[in-house]
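Read the structure below first, then the notes.
This one's a predicted model, so the numbers in the text were calculated from it and none came from an experiment. Reckoned from all heavy atoms, side chains included, excluding hydrogens, waters and symmetry mates.
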Amino acid sequence: MSLLAVSEIVTGYGPTIVNRNVSLTLAKSEIVTILGPNGAGKSTLLKAIAGLVRPRAGSVSLDGTDVTGLSADVMARRGVVLVPEGRKIFVDMTVEENLRLGAYSRNDDDAVEADFATMLAFFPILATKRRDKGGSLSGGQQQMLAIARGLMTRPRVLLLDEPSLGLSPLLVKEIKAIILGIGERFGASVLLVEQNAGLALAVASRGYLMQNGRIVVSGPIAELRDMSLMRDLYLGGVAEATT
């Protein structure tokens, strides 16, 4: 049984349909990526899974339980957490305050303290800046803070939306290492939306390619990398970006 299963999801805003009968699965401890051009519907799909957008049709199940249409706070308590595009940290709060806000719905104080210490160890730059305001951090540091805040919820499924957006190649390598460590260190599965195909193909075991709101190709990463459609979309940059 899949940990997360999305079946025939349809989403939209007003008269506009965004996702058209999208289906995908995510297993425990797996990293799966959703690739596609801008406007393909990738971010809206993550929002529908996370409970921020209500599907018009289809279903979302978590460990065999139907969770379709549950609100984002309920989904977070059930272990499905979105790290949104643009980071969305609280710029006027300190790094420590941002991290602790990630555990707002938890009541296991001792475990929260242990997790806080774990985040500072896993993200050492955040330890050095724990008293600094979020808005004073660099873009890469803010992205690390956003991921760490998501991990403070103890997610079973972490939804990452464009974590490399606007980052230098060096920082993209750091984000790559962080994503690869999430499953081993925190036991969470990752569903990754990425414009940087090189990063996505380097960390994921399987992938889905979206166009115009639909899944057009899916399969193991090795197969996706060799497909002509992928090469056409990313203009031959995939192999270079994975190094």
Side-chain angles (χ1 to χ4, degrees), residues 1-6 9 24-34 42-53 60-90 95-123 126 142-164 175-194 199-200 203-206:
M1 178 188 299
S2 299
L3 175 59
L4 179 73
V6 176
I9 281 290
L24 59 81
T25 60
L26 178 68
K28 292 180 180 177
S29 302
E30 189 178 28
I31 302 175
V32 170
T33 187
I34 305 171
K42 306 182 300 296
S43 293
T44 297
L45 178 62
L46 289 193
K47 290 176 182 178
I49 295 170
L52 293 168
V53 172
V60 178
S61 65
L62 180 66
D63 221 2
T65 299
D66 188 352
V67 293
T68 311
L70 295 182
S71 63
D73 61 321
V74 174
M75 289 298 286
R77 287 196 294 271
R78 294 198 178 201
V80 178
V81 175
L82 173 64
V83 178
E85 179 182 356
R87 296 133 200 176
K88 303 296 192 297
I89 65 164
F90 293 95
V95 166
E96 179 169 349
E97 289 168 340
N98 269 276
L99 287 174
R100 292 189 181 282
L101 192 62
Y104 78 96
S105 63
R106 295 173 55 182
N107 54 18
D108 51 344
D109 292 345
D110 289 343
V112 168
E113 291 304 313
D115 287 349
F116 178 71
T118 297
M119 294 308 152
L120 297 186
F122 191 66
F123 300 89
L126 299 184
Q142 289 186 10
Q143 186 61 68
M144 293 176 196
L145 177 57
I147 294 172
R149 184 181 61 188
L151 289 170
M152 282 294 293
T153 67
R154 287 199 170 180
R156 302 172 69 192
V157 175
L158 192 65
L159 309 172
L160 296 180
D161 194 359
E162 303 283 6
S164 76
I175 294 299
K176 171 186 169 183
I178 288 167
I179 295 171
L180 287 170
I182 285 173
E184 180 179 349
R185 188 72 178 266
F186 302 102
S189 301
V190 176
L191 186 59
L192 169 69
V193 160
E194 249 307 332
L199 170 62
V203 300
S205 59
R206 291 189 300 113

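- One finds no salt bridge joining E97 and R149 here, because no Lys/Arg side-chain nitrogen approaches an Asp/Glu carboxylate oxygen to under 4.0 Å.
- A heavy-atom distance below 4.5 Å is found between the side chains of F123 and L151.
- Residue T118 holds its OG1 atom at 9.0 Å from CE of M152, rounded to the nearest 0.5 Å.
- Here the closest non-hydrogen pair linking I175 and M144 is CD1-CG, 4.3 Å.
- Of all heavy-atom pairs spanning A50 and V80, the tightest one is CA-CG1, 4.4 Å.
- A side chain to side chain contact (heavy atoms under 4.5 Å, CB included) with M75 holds for exactly one of V157, L70, L82; it is L70.
- For the atom pair L160 CG and L192 CG, the distance stands at 6.0 Å (nearest 0.5 Å).
- Atom OG1 of T44 sits about 11.0 Å away from atom CD1 of I49, to the nearest 0.5 Å.
- Going from atom NZ of K28 over to atom CG of L4 covers 12.5 Å, rounded to the nearest 0.5 Å.
- Between the side chain of S189 and the main chain of A27, a donor-acceptor pair closer than 3.5 Å is present.
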I would like to know whether D73 and Y104 meet side chain to side chain contact (heavy atoms under 4.5 Å, CB included); could you show each step before the answer? CA-CA 10 Å; D73 61 321; Y104 78 96; 3.9 Å; yes

Between V203 and E194, does the side chain to side chain contact (heavy atoms under 4.5 Å, CB included) criterion hold? Intermediate values first, please. CA-CA 11 Å; V203 300; E194 249 307 332; over 6 Å; no

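- Here the shortest heavy-atom pairing between K176 and L199 reads CB-CD1, 3.4 Å.
- Taking both residues in full, the closest heavy atoms of P155 and V81 are given as CB-CG2, 3.9 Å, listed atom of the first, atom of the second, then distance.
- Although no hydrogens or angles enter the test, the distance criterion places no donor-acceptor pair under 3.5 Å between the side chain of D161 and the main chain of V193.
- The shortest non-hydrogen separation linking T25 to R206 is O-NH2, 2.7 Å.
- Listed here is the closest heavy atom pair of L145 and L126: CA-CD1, 3.9 Å.
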